[in-house]
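Structure record follows, encoded as structure tokens.
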Amino acid sequence: MNKVNVKPQTMLYPVPSVMVSCRNKKGENNIITISWVGVVSSDPPMLSIAVRPERHSFNMIQETKEFVVNLPDEKLLYENDFCGVKSGKNVNKFQELQLTAIKGQYVKAPLIGECPVNMECKVKEVINLGSHHLFIAEIINLQVNEEYVKDQQVDLENCRFFTYQKGTYHGLGEVLGKVGLSVRR
Ligand SMILES: Cc1cc2nc3c(=O)[nH]c(=O)nc-3n(C[C@H](O)[C@H](O)[C@H](O)COP(=O)(O)O)c2cc1C
């Protein structure tokens with residue numbers, strides 16, 4: 001196993017590619033694709049997103065301290081990419097992509113109806129880390145398409161999510177095993 005030293009850079013792959021929706025105080029909606037998203041606490045349920053200040057969405061989230069994390073499935077690959085290469089400065093992404101903006105129950109930011117999972121988030125802390133600001137937020141409401149919920153339990157096994165890996169999107173492939181397989185006989 002011969003190793004080579006390479007310039008330090010973020011090489012955490014694969015990562016999710018989520019669609020974050022937001023709304024400014026003027027009532028304009030926008031969507032930004034975010035891969036630098038992570039779970040940071042389960043109780044209270046919290047996640048973080050890293051956003052560059054030059055993004056149109058940055059000021060919207062900074063001023064309202066609210067956003068919705070929407071999980072796209074494979075059917076939304078085009079829309080997910082579009083929201084990651086076009087800026088809301090120049091295009092209304094909801095309109096252009098004919099996506100359904102559903103009113104949030106606890107935040108003013110809209111949910112993307114076509115995404116099977118939607119997390120309404122309120123920002124608790126913002127940390128300027130250099131190229132990106134980290135928005136740490138609490139998930140104050142979770143909405144899931146009813147076909148993925150049974151007796152209040154969310155089962156996403158049949159959801160066709162995809163991942164992002166250094167310039168390319170990948171499907172999830174087959175299930176390789178269940179948690180605990182290393183200790184189960
Ligand atoms: C797969 C993918 C992942 C991305 N992840 C991030 C991210 O984590 N943070 C970020 O600031 N920009 C990220 N971007 C870039 C923004 O989505 C892109 O600049 C977008 O056009 C900004 O939209 P806005 O100007 O309307 O906010 C990503 C783009 C793609 C295609």
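Atoms within each ligand, like the ligands themselves, are counted from 1 in listed order.
Using a 4.0 Å heavy-atom cutoff, K93 is listed among the residues neighbouring ligand 1. Heavy-atom separations between F58 and ligand 1 are all 4.0 Å or longer.
Residue, atom and distance of the protein heavy atom nearest to atom 25 (O) of ligand 1 are S87 OG, 2.7 Å. Counting only heavy atoms of the protein, atom 29 (C) of ligand 1 lies nearest to G84 O, 3.5 Å. For atom 27 (O) of ligand 1, the closest non-hydrogen atom of the protein is S57 OG, 2.6 Å. For atom 14 (N) of ligand 1, the closest heavy atom belonging to the protein is T33 O, 3.4 Å. Atom 10 (C) of ligand 1 has as its closest protein heavy atom R55 NE, 3.5 Å. In terms of protein heavy atoms, atom 5 (N) of ligand 1 is closest to S35 N, 3.0 Å. From the protein, the heavy atom lying nearest to atom 9 (N) of ligand 1 is A50 O, 2.9 Å.
F58 and H133 have their aromatic ring centers within a separation under 6.0 angstrom.
Salt-bridge annotation for K122 and E138: absent, with no side-chain N of the basic residue lying under 4.0 Å from a carboxylate O of the acidic one.
Applying the 4.0 Å criterion to heavy atoms of Y169 picks out, from ligand 1, the atoms 1 (C), 31 (C). Each of the atoms 24 (P), 25 (O), 26 (O), 27 (O) of ligand 1 lies under 4.0 Å from some heavy atom of H56. When each atom of ligand 1 is checked for a heavy atom of I34 under 4.0 Å away, the hits are 5 (N), 6 (C), 7 (C), 8 (O), 9 (N), 10 (C). Contact atoms of ligand 1 toward S17: 1 (C) (distance under 4.0 Å to a heavy atom of the residue). Ligand-side atoms of ligand 1 in range of G88: 24 (P), 25 (O), 26 (O), range being under 4.0 angstrom from any heavy atom. Listed by atom number, the atoms of ligand 1 under 4.0 Å from C83 heavy atoms are 17 (O), 20 (C), 21 (O).
Not one N or O on the side chain of K124 forms a donor-acceptor pair closer than 3.5 Å with the backbone of I136. For the pair E114 (side chain) and L99 (backbone), a donor-acceptor distance under 3.5 Å is absent. No side-chain donor-acceptor contact under 3.5 Å links K65 to the backbone of V123.
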Side-chain polar contacts of residues 1-15 - donor-acceptor pairs under 3.5 angstrom, sequence neighbours left out - could you list them?
residue, atom, partner, partner atom, Å
Q9, NE2, K7, O, 3.1

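Both the backbone and the side chain of W36 come within 4.0 Å of ligand 1, counting heavy atoms alone. With a 4.0 Å cut-off on non-hydrogen atoms, K89 does not touch ligand 1 at all. Looking at N30 against ligand 1, only its side chain comes within 4.0 Å, counting heavy atoms.
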- Should S21 and N70 be marked as a side-chain hydrogen bond (donor to acceptor under 3.5 Å, both in side chains) after you check the CA-CA gap, both sets of side-chain angles, and the distance that decides it? CA-CA 7 Å; S21 46; N70 306 273; 2.9 Å; yes
- Message: Run R184 and K178 through side-chain contact (heavy atoms from CB on, under 4.5 Å) and show every step you take.
- Response: CA-CA 10 Å; R184 245 178 249 131; K178 287 207 170 194; 4.1 Å; yes
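Considering backbone and side-chain atoms together, N80 places no N or O closer than 3.5 Å to any N or O of ligand 1. Backbone and side-chain nitrogen or oxygen atoms of Y164 are examined, and none is located within less than 3.5 angstrom of a nitrogen or oxygen of ligand 1. For the pair K86 and ligand 1, the shortest N or O to N or O distance falls below 3.5 Å.
Within 6.0 Å of the CD atom in E147, the count of heavy atoms belonging to other residues, nucleotides or ligands exceeds 12.
For the pair C121 and L47, the tightest heavy-atom approach, listed with the atom from each and the gap, is SG-CD1, 4.1 Å.
A donor-acceptor pair shorter than 3.5 Å can be found between the side chains of N24 and E28. No side-chain N or O of N158 forms a donor-acceptor pair with one of Y148 less than 3.5 Å apart.
To the nearest 0.5 Å, atom CE of residue M19 and atom SG of residue C83 are 4.0 Å apart.
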